Amino acid sequence: MDPIFVNSKKALLNLFSAFLPDWTVVLVSIFISIGAIMVLGPFTMMYLTWFERKLLGRIQNRIGPNRVGIFGLLQPIADGVKMLTKEDIVPEGADKAVHLLAPIAIVIPSLLVFSVLPFGRNMTAVNLNIGVLFFLAVSATTTLSIFMGAWASRNKFSLLGGMRSVAQLVSYEVPMVLSVVPVILAAGSLSTVDLVESQGGWNGFKWFVFTPWGFTAFITFYLSGVAECNRTPFDIPEGESEIVAGFHTEYSGMKFALWYMAEFMNVFTVSGLTAVLFLGGWQGAPGLPSWAWFFIKTYALVFVMMWFRGTLPRLRVDQLMGLAWKFLLPLTLVNIFVAGLWFFIPDLRWRVGTAVALLGLTFWALMALNRTALPEKRTYEFAE
Amino acid sequence: MSPLVLLVKTGIYLLMALSLLAAVGVVTFRNIFHSALALAGTLLGVAGIYLALRADFLAGVQILLYVGAVVTLILFAIMLTHRLGDPTIPQANKQSGPALAGLLILAALLGSLFLKTNWPVSEAALTPVTVRVLAKALLGEFVFPFEVVSIVLLAALIGAIVIARKD
């Protein structure tokens, strides 16, 4: 069961090598990997929209989509047809070329990052030796696309959304990159494949999340990841009640769908990377195939993101910036130091003790310093 | 030459041509926002060339820092500038004489460098520069310049905060 995808690719390649010259087989191999990703990405997006609507419905005591197909399973296809046949409206004053390019430019990085995700044993499309850095670098370019769309629309709400989005993405980039550092320190490699392999052992449960620094980094990375995807409670760039729809106010039809496609694919890839970095990727109890473990962990994290959306209200801008700069950033810096100490202290009891004590102290200090100052008695100067 | 090598070579030359084209766009576009976007394109092309030369880490950092951060900063500056994206604003000032002089000096310097270097050509594949090698060089042989750069960056950070506080 485990190497089913790897073996089917090999079988396909054997079939082609029987009657094609050698150099085309290399190309065919590349195209199979690309094809798998190009199908997986949009397919994941389609069913994540269904999953989110169903889940939010249940959270709000509704049933959710249930008209098209059994359990509403064909709803994404109906939505796709609707989006494709809708009229494409471009505002009069818009910068036409950039307005068209922006939704295309945002889907490319979202698809590119799929290539370094290890979906299972020997199931990574490209084993780059800078895998994690590639992921972070490529996903950082989404800022640019969002800004392009916001600026090209020539709409005040779009522009405001774009500026908010850039401020947010740039802020959360810092704790996100810094929380990866302890993991890289532990594995001694930037390659996603090596990172997963270094978490083998203990019957497939020697995950980094079970260490004090790993747990802290997991929380900080996941929260920054949710913010990078512009998901609730960090969705101020598209806050409906404040600025219509933010950077995609002026988009309709398939272009609008492309923005959503990028967002949902980011949700999947960020959850996937969190699983790879902290939850052991495809490592797990031997009963299930490796790719099943990867998808179980990833979808569990996606589920938590949607749960956030169903339960948490949107943050205010100052709260959002405060969380990144005053809480997550100092915590990740201390966490890097703690991870360094962990590998420096030989005795197990001492290093667990020091790590827990240091992290606990930092957490307590940050909570105390960040407490909102509430006055004892409110005075209303102008109400008298 | 096998078709695969030909394909790779075409790809690399195409990449170089596209990044040069984007670079021309940076200086010729009438709209400053378009120039900034073309700059992002050029930087991405340069990252692609690094990748082709097996300098993976450099390519990653190039995208993360230049495309992810520097271009975003430039866009922010454009947004905060008065008369946002007005196409009637002239893109050039009256300093073309000194600029030409600077350009000629740079061209002469680069030309002399090109002539002095003997360009070794080898058939063997390039060995990739791994992060490990880079890290050993940065924290071993070049540790002093590395620390100096860190201090310069720290000074810039503190300076920015001091300037921003005065309002």
Side-chain angles (χ1 to χ4, degrees), chain A residues 21-27 30 93-95 97-98 101-102 105 108-109 112 116 126-148 150-152 154 156 159-160 162-163 165-167 169-171 173-174 176-177 184-185 188-191 194 228, chain B residues 1-8 11 25 29-41 43-44 47-48 50-51 54-80 84-87 127-135 161:
Chain A
D22 272 351
W23 63 274
T24 43
V25 177
V26 180
L27 286 184
I30 294 172
D95 190 329
V98 182
L101 272 177
I108 294 169
L112 269 180
V116 291
V126 191
N127 181 11
L128 275 181
N129 64 16
I130 51 150
V132 181
L133 184 71
F134 174 85
F135 189 102
L136 295 171
V138 169
S139 56
T141 57
T142 52
T143 329
L144 202 64
S145 319
I146 289 183
F147 215 74
M148 278 165 74
W151 185 85
R154 269 309 152 80
K156 286 193 177 64
L159 207 56
L160 275 175
M163 294 192 80
S165 155
V166 173
L169 292 181
V170 169
S171 306
E173 196 83 32
V174 182
M176 191 168 182
V177 174
I184 294 166
L185 207 66
S189 170
L190 281 167
S191 151
D194 294 351
E228 289 279 304
Chain B
M1 200 191 299
S2 83
L4 215 55
V5 175
L6 189 73
L7 214 62
V8 170
F29 275 138
R30 308 289 300 169
N31 188 325
I32 194 161
F33 191 82
H34 291 174
S35 298
L37 291 181
L39 180 65
L43 294 170
L44 277 176
Y50 285 150
L51 265 185
R54 310 291 296 274
D56 297 0
F57 182 74
L58 209 56
V61 171
Q62 164 93 6
I63 295 175
L64 188 68
L65 293 188
Y66 284 91
V67 185
V70 172
V71 173
T72 312
L73 199 69
I74 293 175
L75 290 184
F76 240 119
I78 295 171
M79 301 288 269
L80 298 176
L84 157 80
D86 188 350
T127 46
V129 183
T130 57
V131 186
R132 204 175 287 272
V133 175
L134 269 178
I161 292 171

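Please read these numbers as outputs of a predicted model, since none were measured by experiment. Here is the naming used below: chain letters follow the sequence lines, and residue numbers restart at 1 for every chain.
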Quiz item: Run the side-chain contact (heavy atoms from CB on, under 4.5 Å) check on A:Val98 and B:Leu37 step by step: do they pass?
Solution: CA-CA 9 Å; A:Val98 182; B:Leu37 291 181; 4.0 Å; yes
Quiz item: What's the spacing between A:Leu27 CG and B:Leu7 CG if we round to 0.5 Å?
Solution: 6.0 Å
Exercise. May I ask you to name which of A:Asp95, A:Leu169, A:Val170 has the most heavy-atom pairs under 4.5 Å with chain B?
Key: A:Asp95
Quiz item: Which one, A:Thr142, A:Leu136, A:Val166, leads in non-hydrogen pairs under 4.5 Å with chain B?
Solution: A:Val166
Practice problem: Classify the ring geometry between A:Phe147 and B:Phe33 as parallel (under 30°), tilted (30 to 60°) or perpendicular (over 60°). | Solution: parallel
Quiz item: So, do B:Phe57 and A:Leu133 sit near enough that their side-chain heavy atoms are less than 4.5 Å apart?
Solution: yes
Quiz item: Given side chains that start at C-beta, do those of A:Leu144 and B:Val71 come closer than 4.5 Å, heavy atoms only?
Solution: yes
Exercise. Can you see which heavy atom on A:Ala137 is nearest to which on B:Gly60, and at what distance?
Key: CB-O, 3.4 Å
Quiz prompt | Any residue meeting side-chain contact (heavy atoms from CB on, under 4.5 Å) with B:Leu51, in chain and number order, not counting sequence neighbours | solution = B:Asp56, B:Ala59
Exercise. Can you sort out the partners of B:Val70 under side-chain contact (heavy atoms from CB on, under 4.5 Å), two or more places apart, ordered by chain and number?
Key: B:Tyr66, B:Ile74
